[in-house]
Amino acid sequence: MYRSDIGIVSAGTGLPGEAIGTAALAERFGFGTPWEHWVNTFIGTTSRHLAIDLETGEARATLADLGEEAGRKALESAGLEPGDIDLVVMGTATPDLLMPATVNQIADRLGIDGVPSFQLQSGCSGAVQAMHVASQLLSTGQYRTALVLGGDVCAKHVVPDADFSRLPPAELVNLVLFGDGAGAVVLRREPDPGAALLRGLFTRLVGLGREPGQTLAWYGANRTFDRPAATEDYKAIEERVPVMAVEVLKELLENLDWSEADLGYLLPPQLSGRMSTLIGERLAVPHARQITRVHEIGNCGNGLVFFQLERALEAMGAGDRAVGVAIESSKWIKSGFALERT
């Protein structure tokens, strides 16, 4: 596990439009009240933000739009100018284009230039992977300040005029599970006193011989819909993610010589409202305050960790400790991080 004293100086987030409740989705797709009750009971996500107009299918925001908003907020909160950034890293599963990379589009809009930039193609662990890469580069001493971004626009895979009544349950889940959003943090080597330090951080591929729990197709110029754009093996995710989350928490605590009693905050994986609650219970740290956002903003993939961090940074006082866990089900990646406010 990578041990770190890199500081998280600030965070920022971006969401498209107003929150869309499950009742509005049920009405739009013609599912009715029973479907709404099913979503509330078994998915537990009550609202989400979407980057498309559900009536017309027109895009209301791109990932670059949301990343720019999040990055600008993070810079302003840190009291930094674009020229203060030495490095930009982004994690996403849904870039706007194959080229130019969305991270570079965002950097251009923010006025960041002349620095290394990296875009990682990854699912829900991508935020942690991006922080991992940035922290490693900062620790070399070549760079002092990094802007780390993550987010996804999943609504681009929704076809508004589709016959939703014919979709199998595995595809219907995706209509309510996902939302769109982006987040950002500023990381700094040798931060000012009072910063939240990344005490530990790791990512690990554990998918050898395992079937993917999620797939996301790329159709390119010849986009067709003879197969679904997004698929979920929800049963496999329900079975494996809680187990992996417990393993991540245990490893982080053991390597840092922390105990569960040391934790004031817990940032559990954010698949859905119901799953986050179940995973939080499985992690069994009852005295730690859980920070979860997925029930109100939907699963916005690589953005979610940053939404959690935004709340954590606001809440943590001197001496407080927190652990965050993110699990990617596409090919099964475990990731986690530990924070301590100095």
Side-chain angles (χ1 to χ4, degrees), residues 1-8 11 87 89-93 118-140 143 146 148-150 183 185 187-189 191 195-208 210 213 237 240-260 262-271 276 279-280 282-285 288 290-291 301-306 308-309 312-313 316 320-341:
M1 183 182 72
Y2 172 60
R3 290 174 176 267
S4 167
D5 286 324
I6 302 298
I8 299 183
L87 171 70
V89 186
M90 182 174 188
T92 182
F118 302 91
Q119 182 165 294
L120 309 179
Q121 181 77 15
S122 186
C124 294
S125 64
V128 184
Q129 289 172 288
M131 288 195 293
H132 196 170
V133 169
S135 296
Q136 291 274 20
L137 289 169
L138 291 174
S139 68
T140 67
Y143 315 102
V148 182
L149 300 146
V185 291
L187 301 187
R188 173 162 278 188
R189 177 172 52 85
L197 300 181
L198 273 170
R199 292 301 196 192
L201 190 153
F202 79 90
T203 65
R204 186 173 301 121
L205 174 66
V206 291
L208 184 64
R210 289 174 166 169
I237 292 170
R240 293 176 182 170
V241 170
V243 174
M244 291 183 182
V246 171
E247 293 170 351
V248 170
L249 175 63
K250 181 180 179 182
E251 182 168 348
L252 280 167
L253 294 179
E254 287 180 351
N255 279 279
L256 291 167
D257 198 24
W258 290 3
S259 70
E260 293 176 350
D262 293 326
L263 298 182
Y265 297 90
L266 182 65
L267 286 59
Q270 301 282 279
L271 176 66
S276 291
I279 294 169
R282 182 76 172 265
L283 291 171
V285 191
Q290 290 192 31
I291 297 180
N302 287 286
L304 271 167
V305 166
F306 297 106
Q308 291 174 286
L309 280 170
L313 294 178
M316 292 175 68
D320 283 345
R321 290 174 171 177
V323 163
V325 179
I327 307 294
E328 178 180 332
S329 61
S330 66
K331 194 51 180 164
W332 308 108
I333 295 176
K334 300 192 297 187
S335 67
F337 57 91
L339 299 177
E340 183 175 22
R341 177 78 79 178

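Quantities reported herein were computed from a predicted structural model and do not represent experimental measurements. The figures here come from the full heavy-atom set of this structure, side chains too, leaving out hydrogens, waters and symmetry mates.
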task: Assess whether side-chain contact (heavy atoms from CB on, under 4.5 Å) is satisfied between Val248 and Ile327, documenting all intermediate values.
output: CA-CA 9 Å; Val248 170; Ile327 307 294; 4.1 Å; yes
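- Residues Arg282 and Val243 are in side-chain contact: their nearest non-hydrogen atoms beyond the backbone lie under 4.5 Å apart.
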- prompt: Hey, mind stepping through Leu263 and Trp258 against side-chain contact (heavy atoms from CB on, under 4.5 Å) and telling me if it holds?
  reply: CA-CA 8 Å; Leu263 298 182; Trp258 290 3; 3.9 Å; yes
task: With side-chain contact (heavy atoms from CB on, under 4.5 Å) as the test, would you mind laying out the steps for Met316 and Tyr265 before giving the verdict?
output: CA-CA 8 Å; Met316 292 175 68; Tyr265 297 90; 3.7 Å; yes
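- Every residue meeting the salt bridge (charged side-chain N to carboxylate O under 4.0 Å, His left out) condition with Arg321, not counting sequence neighbours, appears here in chain and number order: Asp262, Glu340.
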message: Could you walk me through whether Leu252 and Arg199 satisfy the side-chain contact (heavy atoms from CB on, under 4.5 Å) test, starting with their C-alpha distance in whole Å, then the side-chain angles of each, then the deciding distance to 0.1 Å, before giving a yes or no?
response: CA-CA 10 Å; Leu252 280 167; Arg199 292 301 196 192; over 6 Å; no
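- Between Val206 and Ile333 there is no side-chain heavy-atom pair separated by less than 4.5 Å.
- The minimum heavy-atom distance linking Ala338 with Leu256 is given by the pair CB-CD1, 3.3 Å.
- One side chain, Gln270 or Ser276, offers a donor N or O that lies under 3.5 Å from an acceptor on the other.
- For the residue pair Glu328 and Ser335, no side-chain donor N or O sits within less than 3.5 Å of a side-chain acceptor on the partner.
- No donor-acceptor distance shorter than 3.5 angstrom exists from the side chain of Arg188 to the backbone of Ile8, with no hydrogens or angles considered.
- Note that CD1 of Ile237 is 8.5 Å distant from SG of Cys124, once rounded to the nearest 0.5 Å.
- Between Leu187 and Tyr143 there is no side-chain heavy-atom pair separated by less than 4.5 Å.
- When atom types are taken as modelled, the side chain of Lys334 and the backbone of Val325 share no donor-acceptor pair closer than 3.5 angstrom.
- With contacts defined as side-chain heavy-atom distances shorter than 4.5 Å, the pair Phe337/Val323 does not qualify.
- Using a 4.5 Å heavy-atom threshold, the side chains of Leu267 and Leu339 count as separate.
- You'll find the side chain of Met244 stays beyond 4.5 Å of the side chain of Pro269, heavy atoms only.
- Not a single donor-acceptor pair under 3.5 Å links the side chain of Glu260 to the backbone N or O of Val285.
- Between the side chain of Asp5 and the backbone N or O of Leu197, no donor-acceptor pair lies under 3.5 Å.
- In this structure, Ile6 CD1 and Leu138 CG are separated by 5.0 Å, a value rounded to the nearest 0.5 Å.
- Interatomic distance, CD of Gln308 versus CG of Leu313, reported as 11.5 Å (0.5 Å rounding).
- We find that Glu251 and Arg204 are joined by a salt bridge, their nearest charged nitrogen and carboxylate oxygen being less than 4.0 Å apart.
- The closest donor-acceptor contact from the side chain of Gln290 to the backbone of Leu266 lies at 3.5 Å or more, if one exists at all.
- Contact of the Met131 side chain with the Val305 side chain is registered, since non-hydrogen atoms from C-beta on lie closer than 4.5 Å.
- Here the closest heavy-atom approach between residue Ala312 and residue Ile291 is recorded as CA-CD1, 3.4 Å.
- For the atom pair CD (Gln129) and CG (Leu201), the distance works out to 10.0 Å, reported to the nearest 0.5 Å.
- Nearest heavy atom pair, residue Ala130 against residue Val148, reads CB-CG1, 3.6 Å.
- What you find for Ala146 and Ala134 is that their closest heavy atoms are CB-CB, 4.1 Å.
- For Asn302 against Ala127, the heavy-atom pair with the smallest separation is OD1-N, 3.3 Å.
- Side-chain atoms of Ser135 do not come within 3.5 Å of backbone N or O of His132 as any donor-acceptor pair.
- A donor-acceptor pair is defined here as one N or O able to donate and one able to accept, closer than 3.5 Å; no such pair exists between the side chain of Asp320 and the backbone of Arg341.
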